[in-house]
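What follows is a single structure, written as structure tokens, with notes after it.
Each residue takes its place number in the sequence, starting with 1. None of the values given here were measured: they were computed from a predicted structure.
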Amino acid sequence: MAKKEIKMNMAEEEAKFMLQTENVIKYYRQYDSVITAVNRVSIKVEPGEFVAIIGASGSGKSTFLHICAGLDSCDSGHVYIHGNDITAMKSDELSRFRGLRMGFVFQRHNLIPQFTALENILIPTMMCNKPDFSYQENLRRLVETLGLADRLHHLPSELSGGQQQRVAIARALINMPDILFADEPTGNLDRQNADEVLKLLLKIREEMGQTLVMVTHDLSIAERADRIFRMDNGVLSLHRDYLKAGKKTEGFY
């Protein structure tokens, strides 16, 4: 088979998955030691799938998630988002691609305190405006689903922790990304608010069809995922598979 055909077949294979990583490595130098935070991690995530990554503090799970979302770089390996190699992109190209195709929900909300809830939600539209896309309709749907109608003109300091996280979720989804990354999105919330935020995330995923990749320390939350992976000392392994019977699972790790 010619080299050109091989490359085309590889590109077609990568495009089948919403997220695919190949032998991702990330290390840090600490004094005279080298710490491997992510150690040759490969994973494939299908469009519309919900994958949870669990692990102890310092296991490398958040570092890996940030690399997948293009918020951090790896020392070697590749990350593909729907067949696009983000590890090969230049900074400006990656920023625009991330703004258009990916959403990210942080543990600590990261809302701008001087902006109202509405202004925080609309920030991504100012940075990466999608042509021929109805932001007004998407905003209406998000505000209705997340129950934010009476809080849009409030500052973050005037919102509860659960309400702030809902604003952060709306901000991550306003551009209708293909994939949503969430790093301990319920970590700072009490059980009631955590359950509510999770239900809203899953409802939005069902309605809008996003792929969801979430890092969490809470197994009760992870158990709602299609598959659970565990990160130990930078090594990722399949912890539990909840995919429906008959669905192909081989080759995902």
Side-chain angles (χ1 to χ4, degrees), residues 7-8 10-29 36-51 53 60-112 115 120-133 135 138 168-185 205 208-215 229 231 234 236:
K7 285 183 179 179
M8 286 180 65
M10 287 175 65
E12 288 173 3
E13 176 67 19
E14 288 149 5
K16 288 180 183 177
F17 301 99
M18 184 55 66
L19 168 67
Q20 180 175 354
T21 70
E22 295 178 351
N23 295 317
V24 169
I25 297 175
K26 178 72 176 182
Y27 59 82
Y28 298 99
R29 296 192 180 276
T36 304
V38 180
N39 192 359
R40 298 186 181 279
V41 172
S42 298
I43 189 174
K44 295 175 181 177
V45 179
E46 289 191 329
E49 190 179 2
F50 174 17
V51 166
I53 301 174
K61 60 187 186 299
S62 289
T63 299
F64 176 62
L65 192 77
H66 284 223
I67 291 170
C68 290
L71 298 174
D72 197 358
S73 60
C74 57
D75 291 297
S76 66
H78 295 273
V79 176
Y80 300 92
I81 301 294
H82 220 186
N84 298 277
D85 186 356
I86 67 170
T87 49
M89 293 181 183
K90 293 182 179 178
S91 179
D92 289 349
E93 181 186 4
L94 175 58
S95 293
R96 177 160 179 78
F97 182 86
R98 189 170 58 235
L100 292 172
R101 305 288 295 275
M102 294 184 268
F104 202 100
V105 180
F106 299 89
Q107 180 177 347
R108 298 186 182 277
H109 321 308
N110 286 358
L111 301 179
I112 298 176
F115 284 14
N120 269 284
I121 291 169
L122 293 176
I123 287 172
T125 69
M126 303 170 194
M127 301 171 65
C128 296
N129 196 293
K130 284 185 174 181
D132 304 322
F133 179 69
Y135 285 106
N138 194 36
I169 292 169
R171 179 185 59 191
L173 292 169
I174 189 63
N175 270 352
M176 276 294 287
D178 300 322
I179 184 168
L180 179 66
F181 296 98
D183 188 7
E184 300 276 14
R205 170 194 170 234
M208 299 185 177
Q210 270 95 9
T211 305
L212 175 59
V213 181
M214 181 189 296
V215 159
F229 287 84
M231 184 78 86
L236 193 72

Does any non-hydrogen side-chain atom of [Y] lie less than 4.5 Å from one of [X]?
X      : Y      : value
Thr87  : Cys74  : yes
Pro177 : Arg101 : no
Leu71  : Arg98  : yes
Met208 : Met176 : yes
Phe181 : Val105 : no
Ile179 : Val213 : yes
Phe229 : Lys61  : no
Phe104 : Leu65  : yes

Of Asp85, Thr21, Asn23, the residue whose pairing with His78 passes side-chain hydrogen bond (donor to acceptor under 3.5 Å, both in side chains) |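 Of the listed residues Asp85, Thr21, Asn23, the side-chain hydrogen bond (donor to acceptor under 3.5 Å, both in side chains) partner of His78 is Asp85.
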
Verify, without hydrogens or angle tests, whether [X] (side chain) and [Y] (backbone) share a donor-acceptor contact under 3.5 angstrom.
X      : Y      : answer
Asn138 : Leu173 : yes
Lys26  : Ser73  : yes
Asn84  : Ile81  : yes
Arg205 : Gly48  : yes

Residues Ile123, Ile112; criterion side-chain contact (heavy atoms from CB on, under 4.5 Å); working and verdict | CA-CA 10 Å; Ile123 287 172; Ile112 298 176; 3.4 Å; yes

Could you go through the side-chain contact (heavy atoms from CB on, under 4.5 Å) check for Val41 and Glu22 one step at a time?
-> CA-CA 7 Å; Val41 172; Glu22 295 178 351; over 6 Å; no

Do Asn175 and Tyr135 get their side chains close enough for a donor-acceptor pair, meaning under 3.5 Å?
->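 Yes, a side-chain donor-acceptor pair sits under 3.5 Å.
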
Are His66 and Asp183 close enough, and set up right, to give a side chain to side chain donor-acceptor pair (under 3.5 Å), and what steps lead you there?
-> CA-CA 9 Å; His66 284 223; Asp183 188 7; 3.3 Å; yes

Is the count of non-hydrogen atoms from other residues, nucleotides or ligands lying under 6.0 Å from Phe97 atom CZ greater than 12?
->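 Yes.
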
Would you check, one step at a time, whether the test side-chain contact (heavy atoms from CB on, under 4.5 Å) holds for Thr211 with Leu180?
-> CA-CA 6 Å; Thr211 305; Leu180 179 66; over 6 Å; no

